Amino acid sequence: MPRTRIPNASRIPTASRFPTASRIPAASRILTALAAAACLTAGLAAAPAPAAAEPRPRTLGELAKKHHKYFGSATDNPEFTDAAYLKLLGSEFGQTTPGNAMKWYATEPERGVFDFTAADEVVAFAKAHRQKVRGHTLVWHSQLPAWLTERTWTADELRAVLKHHIQTVVRHYKGKVIHWDVVNEALNEDGTYRETLFYKTLGPGYIADALRWAHEADRHAKLYLNDYNVDGIGPKSDAYHALIKQLKADGVPVEGFGIQGHLALQYGFPADVRQNIQRFADLGVEVAITELDIRMNLPATQEKLATQATWYADYVRACLAVEKCVGITLWDYTDKYSWIPSVFPGEGAALPYDEDLRPKPAYHAIKAVLGG
Ligand code: 9MR
């Protein structure tokens, strides 16, 4: 993507950078004063000064940075053919997450055969636009390759496969990824462990193992557990709170809690978002809002879009209120590429930009909260 070039100030001659009155010859200063006085005497308005160039509006990414946070968007490779989409992705956001490209089916489609083509494309785009990258995700029960799910494994075999997968992917992106969602969606709504392939074969210890293996491969990336329906205080977030507390007590390198933030207007705004973020911060981990979107039953009305805007603003405000809430990621930024309509038929309009890439009330509300 071509980037807007900012002229290098040091190449502009000093005289034109700092025109000061003292450099203007005295005679012409006197003439200017006389001319101005003459204009005033004649009742003429002084000619308006040439309009100063309109300052470029600050982007969400820039505004969030002033609060020492990032504001980002997920993206996906098929969208990379859409130039207008990419222009906004690269200019408005300070962080990106590959929506699918780092998942197991994509990175290790055959056992021991790794393919980083799609994820590398996203990471290269992010680098070219000075965006941080969140790695998503190393261990998840969904979007696994067939070779992994279509047979049974002994615990020893699966442990070796898991370790190799995690460490190969993490090593490949060492230094390029700020966070890893090491384990995604490990718990049920009631806070019990989800009965995944990993849990059933390895027991709950697979979470600590995954974190330790990831840490061995990149000691600088922050390692997260990530899930949905954990925005407010409730059984599921309580269980994560207890799990992270225990992992930390055991010396396991867990350093972040990812709150996905997939909300729906029809279910109400979750209570206690700020308090929930704060209690994880109090455990000594950072918190990221990792997949924010707020869907509604279609059609979208002005009223629903206004409520959505308020919810986005409230969510962003909750993150800003907690120092250890490090950033917010939209689960893509435009309704054009949202996952919602294909999974929840009849619902959508979940993102701050509409299908024509025009900012919605939510965009302006987020901007206002960030101080734009
Ligand atoms: O955005 C992703 C979409 O393109 C995939 O089809 C879908 C498959 O489950 O996964 C989506 O992303 C999910 C994310 O990885 C984890 N949290 C829920 C997200 C929405 O399903």
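Being a predicted model, the structure only gives us computed values, none of them experimental. Order of appearance sets the numbers: ligands from 1, and atoms from 1 within every ligand. What you see below is based on every heavy atom in this structure, not just the backbone, and it leaves out hydrogens, waters and symmetry mates.
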Going by the angle between their ring planes, with limits at 30° and 60°, are W104 and F198 parallel, tilted or perpendicular? parallel
So is Y228 close enough to ligand 1, meaning a heavy atom under 4.0 angstrom away? no
Do E79 and D332 have side chains that get closer than 4.5 Å, going by heavy atoms? yes
Any side-chain heavy atom of V316 sitting closer than 4.5 Å to one from I328? yes
For atom 11 (C) of ligand 1, which candidate among K103, H262, E291 provides the closest heavy atom? K103
For E185, atoms of ligand 1 separated by under 4.0 Å from a heavy atom: 16 (C), 17 (N), 18 (C)
Given that the side chain starts at C-beta and the backbone is N, CA, C, O, which of these parts of N184 lies under 4.0 Å from ligand 1, counting heavy atoms, or is it both or neither? side chain
When rounded to the nearest 0.5 angstrom, what distance separates CG in L263 from OH in Y228? 13.5 Å
Nearest protein heavy atom with distance in Å, relative to atom 7 (C) of ligand 1: Q143 OE1, 3.9 Å
Is a salt bridge present between D356 and K336, judged by a nitrogen-to-oxygen distance below 4.0 Å? no
State plainly whether one hydrophobic cluster holds both V326 and I244, where clusters connect Ile, Leu, Val, Met, Phe, Trp and Tyr through side-chain heavy atoms under 4.5 angstrom apart. no
Hey, looking at atom 12 (O) of ligand 1, which of W140, W331, Y105 has the closest heavy atom? W331
Between F93 and Y70, is any pair of side-chain heavy atoms under 4.5 Å apart? no
What protein heavy atom sits nearest atom 2 (C) of ligand 1, and how far away is it? N100 OD1, 3.7 Å
Looking only at heavy atoms, is any part of V343 under 4.0 Å from ligand 1, and if so is it the side chain, the backbone, or both, or is it neither? neither
Specify the protein heavy atom at minimum distance from atom 14 (C) of ligand 1: its residue, its atom name, and the distance to 0.1 Å. H136 NE2, 3.4 Å
